[in-house]
Amino acid sequence: MNKQEMSKAYSSADVEKKWYSTWEKRGYFHTDIKSKKTPYTIVIPPPNVTGMLTLGHVLNNTLQDILIRFEKMRGRNTCWVPGTDHAGIATQSKVEAQLKEEQNLTRYDLGREKFLEHMWAWKEKYGGTIIKQLRTIGCSCDWERERFTFDPGLSKAVQEVFIRLYNKGLIYKGHRIINWCPKSRTALSDEEVIYKEEKGHLWYLKYPFADGSGFVTVATTRPETIMGDTAVAVNPEDPRFSKLIGKKLILPVMNREIPLIGDSYVTKEFGTGAVKITPAHDPNDYEMGLRHHLDMPNIMNDDGTMNAAAGKDFEGLDRSVARKLVVEKFDKLGLLEKIEDYTHQVGYSERGDVPIEPRLSNQWFVKMQPLAKPALDAVNDGRVQFHPDRWIKTYRHWMENIKDWCISRQLWWGHRIPAYTCSKCGKLFVAAEAPTKCDQCGCTELKQDEDVLDTWFSSWLWPFSVFNWPDKTEELKKLYPTQSLVTGPDIIFFWVARMIMAGLEFMDEVPFKDVYFTSIIRDDKGRKMSKSLHNSPDPIDVVNTYGADALRFTMAYIAPVGQDIQYSNEKCELGRNFANKIWNVVRFRMTAGALSKNWQNIDGLTKADLRPDDQWILARLNTVVTKITQDLEKFNFNEAVRDLYDFVWNEFCDWYLESCKPVFNATEANAQNEITLRVFDYCLSIFLRLLHPFMPFITDELYHAIGFTSEDSSIVLADWPKALPEDRMTELGATDKLVAFNVAKFELIRNIRNVRANYQIATSCEIDVILAPSSEENHDFLERDTVSLKSLLNASSLKIGDKPDGPTGVAVSSIATAYIPLGGVVDFAAEMGRLQKQEQEIVQYIGVVNKKLSNKNFVERAPKAVVDKERNNITESNEKLARIREQIALFS
RNA sequence: GUGCGCAUAGUUCAGUUGGUUAGAACGCUACCUUCACACGGUAGAGGUCACAGGUUCAAAUCCUGUUGCGCAUACCA
C-alpha cells in the first residue's frame, strides 16, 4: 500500500470486518493443547443466551481481550473459553411472554415436554446473538471451545456435582420458608431478591380478647396475611402485656381463636409492641411458630392469589386486592385503629420485578458453611486475589454469614434434579439414572423430582465444566486453574464466591488466581443503564459510527479501577480521533521513503549516530514499554491507555515526528535520513504492538500497510516489545540528562512560539532567531540541534550568539535567551509586560523555595536529595531571573 | 442502623508508598486550511484540591470529625 491508497481520514468499517474474519479463518484464537508454552486461560462470564450485547459486556470483554492478546504476545499459550448461560428464569420468562403474545398460550397449555421443545427451538433460532456480537468488537475467543451451560457435557457435570454433594450430606431437602416469586411461580435464592425502599403503610389493627376484656392492637405492613395468623406475640418483659400472655384472642374476619404468646424476639418499642404471627408467610414468624408449636396454614396459591384456607370471602383474590378488603372489613368492624405512612424495604424478585412472597414449601438446599470455609481461606491467604482488593471485605462478610442455598426451582427450563421417589413407600433415590425398582418395597414406579436447578448451580462449575469435567481431559489438566476472571462486583455472591467454593471442592484448587472487578456503567447523568430509561446505547451502533477500536479504546480509557463510569457516545470521539491520529502517522511515514531494512531493532547505532530528538524519543519509548507492561500486569488498564495516548500524541507526534520533517524532506541524500527513518520505524513498530491489545483492528491494518508483517502473518502473532537495558541506553546517549535537555529545549521553543503568537505572526511566516545559551553546556547542546530547532520554529535563520542590535522580541527560558528581530513592529509595552509577568512569577517561586530552605527543620530533616533539588532550583531560578531583569533593563 | 466508596478546572476524570510552581480530555478564547491528520496545529484563559481540625520540616495525598452523593447489607412486624 502507498500513501495514495490511504484515505485522509481513517474509516473503520472495512478494516474491522476484514481482519476479524481473517484472524478467525487462520485459527489464531484456537488453543493448541499440545503447545509447550505456559498456558494462560480465561473463561468468559457466560452471558445469557437470550442476551444482546450491552456496554457492560463491551467493557468486560474488551478487558479480557486485552489480557488475552497481551499474554499471547508475551509468549503464553492463551485460551479464552467463550459460551453462554441458559439463564433459567430469565430465558423461560422471555419465551413464555412471547408465547403468550404470539399464540396466547401458557407453558401449562403446552405441557412440559412440548414447552421444552419450543424452548430449544427458540434458543437455536434467537439465542447466541451476543456471541456473534462479541466478534464485532474483536474478542479473540477460542470459538471451537464454545460451551453452553445446558449442553450435554455441562449437564453431566451438574448431575455429578448434585449426587456427590447429596452423598456427602451437603445437599438436603427441607420444609422451609423460602422466597417465592408469584410471577414465575418458583422459589428463589436469597441473592435473587432485591430490596427496594417503598412508601407503604403501617396498619394498626385491633384483635379482641375472647373473654370480651378489651383488645390488643397490632401494627402490620401486610394485612392480607391475617387469615394465616395463628398467634399474636408480645415481649414477655413488656409490662403492658406480660400478665396477659396465655389469654385467647379472636382473630377478626376469620373468627378464630388464637393465643397471645410471649417471645423475646418482639421489640417492645416498635409499633404497639404486639406482633401478629403468620408462620407460613414470614420467616421470623415461622421461627416463632416452630418455637411455640403453632399451626402454619398456607393461605396463598403459587401465583399470589388467596386459596381456600383464606376463607370464602378471599379465595381467588390477588394479594393486593385481599389487602384492601381486609382493611375494609376491619374498618367496618370498628377494629381499624389508625393508618400511618411507613417507608420500608420490600423484597422484589430480581427477574420477575414483583414483590416476593415468603412461602413455606419443600425445597432442595445446599449446606454452605462447609464449602465456604476453604473458599474464605483461599481469598484471605491470597491464593485468589481481588482487584481492587477492597472487595475482599464484602466477600468476607458474606462468607462468614452464609446461609444455605435454595437450589430448586419450579421451572422447566433447567437441569432436572436427579432425584426419584418411590410412588409406594416414598423412599428417595438420588442417582444419575432412575432405579428400575425400589429396594425398600420392590415397587417399580419411581417418579423423578419435578423441579429443576438454579441456573447458578451450573454456572458455579464453569471454570472446569467447560473442559468436560468430571472426565479427566487433557484440557482440564493443562488449562485449569484459569488465571484471571473479569466480572462485575454485582455477581460476587451469585458467581465468584460460589466458583471458588466449587473449584476447591471438586478440583482441590482455586478456579482462578486474579479477579478483576469492572466498573458499573452509568449514563452521563449518572443513572444506571436500563432498558426502561432508554439510556442504554446499542454498542453495535457505536461500532458503526466510531469503530470497534475507538469504542474499546474509549472504554479502557474512561474505566477507572473500581469506580463507576459515566458513559456517553460522544466520548468515543476520543478513541476515533486517536485511531485517526495513528493512521495519519503511517500515512506520513509512507511519504518519507521505503521501510527501513532493520526496523526490528536499533542494534549497531550509537550516540554519535543520533540526533538529540532520536535519543530523547528512544529514552521515552523505553520508559513507556516498561510502564505499559507493568500497568497491564497490575490490571491498570486505564493507566496503560493514558500512557500510550500521551506518548503517541504528545511526544511522538507533537515533537518527534515534527523534528523528523527536516531530515526526511532534505533534498540531498544524507546518512542521517537513513538512521532517523530506522529510529522512526523502530518506535512505530513498538507502539503499534503496545497498542494492539487495545485497538486490534487498526494496528493490524497499519502493521501490514507499512510492511512490518507479511500478508500471511499478523500483528496478532508479533512479540510484545521489551525494554532495552540501561547500559545500552547509555551507549545510545538516551540518558536522563539528555531527556532533561530536550525537555528544556521544548520549553524554549514554546516560549519563542509564544512571542510569535503575541505578535500574531502566522506559523507559516518565517522568522529569524538568535539564541544566547545560558551556559557552555547548553551552548554545545543547542549547537548540535540547530536543524531541528530551525524547523520546529519555522525560522529562516537560526544563529547562536549575542543579542543583535535593534529592537527584538525576547523569550527567556532556562537554557537560553532567544531574540527575535522584528524590525519596526516591536511592541515595547508588550515585551515589557510579558517579561514583568515572568519576573513576578519567578520571584514568587524563589520566595517560596527560599522560605523552605531557610527553615532549619526542613534542611535538617528532609532527605538530602529533596534539599539538594531545591537548592538546584534556586540556583537555576536566580540565573534565569537575572537574565529576565537584564532584558527588562534594556527595555526601560 | 452497619459497612464500603466518592467529593480536584465549566464538564468528565488522572494524580502510584506525603516532596518541583496540581495534570489530561472535552468545552472556551485568539490565530492558522503550512505538503500526516480540522477526527488537525500553535498559543492561551481557567483550580483556596467539599468543609473544619490534627500529624509532619512538608498534606490534594496520612488521621479525626462535619456536610453532600452513590453502592452494598441488616429480622424491627
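Throughout, protein chains are lettered first and strands after them, A, B, ... in sequence-line order, and every chain is numbered starting at 1. None of these values were measured; they are calculated from a predicted model.
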Practice item. Tell me what R222(A) touches on the nucleic acid: a base, only sugar-phosphate, or nothing, going by heavy atoms under 4.0 Å. Key: nothing
Check your understanding: Would you call E357(A) and R222(A) a salt bridge, taking side-chain N to carboxylate O under 4.0 Å as the test?
Key -> yes
Exercise for review: Could you verify whether a donor N or O on one side chain and an acceptor N or O on the other, from Y567(A) and N569(A), lie under 3.5 Å apart?
Suggested key: yes
Exercise for review: Could you state the atom-to-atom distance from CG of L793(A) to C1' of rG41(B) in whole Å?
Suggested key: 15 Å
Exercise for review: Have a look at E658(A) and say if it touches a base, only the backbone sugar-phosphate, or nothing, with a 4.0 Å heavy-atom cut-off.
Suggested key: base
Review point. Between K581(A) and rG41(B), does any side-chain N or O lie under 4.0 Å from OP1 or OP2?
Key: yes
Check your understanding: In terms of side-chain heavy atoms of K571(A), which of rA72(B), rA36(B), rU12(B) is nearest?
Key -> rU12(B)
Check your understanding: How far does CG of L251(A) sit from CD1 of I258(A), to the nearest 0.5 angstrom?
Key -> 4.5 Å
Check your understanding: Does W398(A) make a side-chain N or O approach to OP1 or OP2 of rG3(B) shorter than 4.0 Å?
Key -> no
Review point. Rounding to a whole Å, what distance do you find between L574(A):CG and rA25(B):P?
Key: 10 Å
Review point. Is there side-chain contact between W655(A) and N650(A), with heavy atoms separated by less than 4.5 Å?
Key: no
Practice item. Just name whichever nucleotide pairs with rG68(B), Watson-Crick or G-U, keeping both distances under 3.5 Å, else none. Key: rC6(B)
Review point. Is rU56(B) paired to anything, Watson-Crick or G-U wobble with both distances less than 3.5 Å, and if yes, which nucleotide?
Key: none
Review point. Once the angle between the rings of W649(A) and F578(A) is folded into 0 to 90°, is it parallel (under 30°), tilted (30 to 60°) or perpendicular (over 60°)?
Key: parallel
Exercise for review: Once you apply the 3.5 Å cut-off to both distances, tell me the Watson-Crick or G-U wobble partner of rA38(B), or none.
Suggested key: none
Practice item. Counting heavy atoms from C-beta on, name the nucleotide in rA43(B), rA36(B), rA14(B) closest to the side chain of N584(A). Key: rA36(B)
Review point. For rG40(B), does OP1 or OP2 lie under 4.0 Å from any side-chain N or O of N577(A)?
Key: yes
Exercise for review: Scan W649(A) against the nucleic acid and name what it touches under 4.0 Å (heavy atoms): base, sugar-phosphate only, or nothing.
Suggested key: sugar-phosphate
Point to revise | Phosphate OP1/OP2 of rA43(B) contacted by R753(A) side-chain N/O (<4.0 Å) | key: yes
Check your understanding: Can you tell me if the side-chain N/O atoms of Y342(A) get under 4.0 Å from OP1 or OP2 in rA77(B)?
Key -> yes
**Study point:** Length of the line joining N401(A):CG and rU2(B):C1', which is rounded to integer Å
**Key:** 12 Å
**Study point:** Distance below 4.0 Å between N754(A) side-chain N/O and rG44(B) OP1 or OP2
**Key:** yes
Review point. Nearest to the side chain of T267(A) - rC37(B), rC13(B), rA77(B)?
Key: rA77(B)
Exercise for review: Would you mind classifying the nucleic acid contact of F578(A) as base, sugar-phosphate or nothing, using non-hydrogen atoms under 4.0 angstrom?
Suggested key: nothing
Exercise for review: Rounded off to whole Å, could you give me the NE2-to-P distance for the H387(A) and rU16(B) pair?
Suggested key: 19 Å
**Study point:** Candidate nucleotides rU73(B), rG19(B), rC76(B), ranked by approach to the side chain of V866(A) - the nearest
**Key:** rG19(B)
Exercise for review: Please report, rounded to the nearest Å, how far the P atom of rU42(B) is from the CH2 atom of W655(A).
Suggested key: 8 Å
Practice item. Using atom CG of D654(A) as one end and atom P of rA24(B) as the other, report the distance to the nearest whole Å. Key: 12 Å
**Study point:** Sugar-phosphate, base or nothing in reach of T221(A), heavy atoms under 4.0 Å
**Key:** sugar-phosphate
Review point. With a 4.0 Å cut-off on heavy atoms, is P283(A) in touch with a base, just the backbone sugar-phosphate, or nothing at all?
Key: nothing
Point to revise | Separation of the P atoms in rA22(B) and rA60(B), to the nearest angstrom | key: 10 Å
Exercise for review: When you get a sec, tell me which of rA36(B), rC39(B), rC76(B) is the closest nucleotide to the side chain of C653(A)?
Suggested key: rA36(B)
Study note, to complete from the structure: Taking rC37(B), rC75(B), rA77(B) as options, the one with an atom nearest any side-chain atom of N284(A) is rC75(B)
Review point. Can you tell which of rA72(B), rA38(B), rG5(B) lies closest to the side chain of R390(A)?
Key: rG5(B)
Point to revise | side-chain N/O K661(A) vs rA36(B) OP1/OP2, d < 4.0 Å | key: yes
Check your understanding: Taking the six-membered ring where the residue is Trp, are the ring centres of W391(A) and F386(A) under 6.0 Å apart?
Key -> no
Practice item. Give the nucleotide from the list rU73(B), rA77(B), rU42(B) with an atom nearest to the side chain of Q345(A). Key: rU73(B)
Review point. Using a cut-off of 4.0 Å on non-hydrogen atoms, how would the nucleic acid contact of V266(A) be classed: base, sugar-phosphate, or nothing?
Key: base
Practice item. May I ask you to verify if any side-chain N or O of K837(A) is less than 4.0 angstrom from the OP1 or OP2 atom of rA45(B)? Key: yes
Review point. Does K393(A) make a side-chain N or O approach to OP1 or OP2 of rG3(B) shorter than 4.0 Å?
Key: no
**Study point:** rA77(B) pairs with, by Watson-Crick or G-U criteria that keep both distances under 3.5 Å
**Key:** none
